[in-house]
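Working notes, structure below.
All ligand and atom numbering here is 1-based and tracks the order in the structure.
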Amino acid sequence: AKAAGRNAIRFYQSHMNDAAQQHLIIASALRRAVSEQQLDVYYQPKIALDTGRLMGVEALVRWVDPELGSLPPDRFIPVAEETGLIAALDSYVMEKACRQLVSWQAQGVPVTSVAVNLSATEFRGGDIYQRIKSLVERLAIKPGMLTLEITESLMMEPGSDIHDELIRIRELGVGLSIDDFGTGFSSLSYLKRFPVTELKLDRSFVNDLGHDASDRALARAVIQLGATFGLQVVAEGVETRNQADILSQIGCTLAQGYYFAHPMPADQFEHWLAGDGQ
Ligand code: C2E
Ligand code: CA
Ligand code: CA
Ligand code: CA
């Protein structure tokens with residue numbers, strides 16, 4: 001009877017409360033991965049549509065846990081945000097990507113720009129400016145070679161702290177990019193208040209460019225908006241030649257996506273770059 005009781009508890013734990021338990025398992029494994037530096041960073045090229053040349057890379061975190069296997073960022077970034085691990089995770093990725101940039105520069109690998117993703121929750125703590133400033137100084141990186149990708153939701157958050165923080169970061173010379181641009185669209189007025197340098201046209205608008213006239217119109221509007229505000233526009237998630245062609249036709253100059261290259265580890269990226277004759 002005792003064993004049955006224990007089994008019942010185990011059943012309860014494993015079935016009735018799956019999501020919460022998953023969350024705990026991921027959180028504790030992630031805590032270990034962050035502190036033992038078991039996370040990897042992959043790099044995806046950002047390409048000039050007219051010449052096909054490399055214009056920069058985006059750093060994307062990767063995690064393979066010895067027991068849980070490989071988990072996509074969409075599954076563990078939210079956990080990192082809820083548990084407060086995100087600051088350490090993002091700092092780690094930023095440090096690693098910036099060190100990689102320095103190493104590429106020393107080797108003559110023609111990478112002149114690295115973008116890292118920063119969770120919006122990072123801006124609530126308040127020391128993000130200091131962290132970026134000391135990183136850039138410590139590694140002696142030209143600030144213009146670093147871009148921070150942040151989501152639109154950050155711009156919508158009330159409070160002037162974030163506004164001031166972004167202005168100070170921008171004053172360092174670091175680029176500020178709005179990720180997944182177009183998915184929020186609640187208000188665009190922040191574009192005139194925030195010192196943004198780039199818009200990333202969300203993948204959902206790029207997907208159906210070939211057969212959806214309204215997506216084409218939206219993409220064109222974002223590109224024009226960028227031009228009006230003097231912002232670089234990068235199309236995300238370009239998977240086909242046709243999408244790349246349409247983007248070119250409607251005035252988009254920069255793109256990222258599987259059509260050009262998947263995110264890759266640094267050494268594989270170097271081979272890709274060499275093989276591409278860039
Ligand atoms: P994101 O910043 O919008 O990154 C683009 C995502 O689209 C990446 O997914 C990338 O691998 C994927 N992708 C690139 N090209 C294509 C394509 O042609 N087609 C399709 N279907 N997908 C493409 P990934 O690496 O799984 O990352 C997902 C999200 O997780 C990212 O979206 C970003 O929001 C977040 N993330 C990734 N790394 C970090 C990080 O170091 N820190 C933070 N805070 N967030 C991160
Ligand atoms: Ca991004
Ligand atoms: Ca994005
Ligand atoms: Ca995203």
Any chance the side chains of [X] and [Y] put a donor and an acceptor closer than 3.5 Å?
X: Gln38; Y: Asp65; result: no
X: Gln107; Y: Ser103; result: yes
X: Gln256; Y: Lys200; result: yes
X: Arg131; Y: Ser91; result: yes

Open item on the list: Tell me if the centroids of the rings in Trp104 and Phe269 come within less than 6.0 Å of each other.
Closed with: yes
Task: Partner set under ring-ring contact (aromatic ring centres under 6.0 Å, His included) for Phe260, not counting sequence neighbours - done: none
- [ ] May I ask you to check if any N/O/S atom from Asp180 comes under 3.0 Å of the Ca ion (ligand 3)?
- [x] yes
Open item on the list: Closer than 3.0 Å to the Ca ion (ligand 3): does that hold for any N, O or S atom in Glu236?
Closed with: yes
Task: Which atom of Glu149 approaches the Ca ion (ligand 2) most closely (N/O/S) - done: OE1
TODO: Looking at Glu58, pick out the N, O or S atom nearest to the Ca ion (ligand 2) and give its name.
DONE: OE2
- [ ] From atom 25 (O) of ligand 1, work out which of Glu81, Arg62, Gln44 has a heavy atom at the shortest distance.
- [x] Arg62
- [ ] Give a yes/no on ligand 1: does Glu122 have at least one heavy atom closer than 4.0 angstrom to it?
- [x] no
- [ ] Answer with side chain, backbone, both or neither: which part of Pro263 has a heavy atom less than 4.0 angstrom from an atom of ligand 1?
- [x] side chain
Task: Location of contacts on Val238 toward ligand 1, heavy atoms closer than 4.0 Å - done: backbone
For [X], the ligand 1 atoms whose distance to one of its heavy atoms is below 4.0 Å:
X: Val61; result: 38 (N), 39 (C), 40 (C), 41 (O)
X: Pro73; result: 24 (P), 25 (O), 26 (O), 27 (O), 30 (O), 37 (C)
X: Asp90; result: 40 (C), 41 (O), 42 (N), 43 (C), 44 (N)

Task: Co-membership, hydrophobic cluster, residues Tyr258 and Val238, 4.5 Å side-chain - done: no
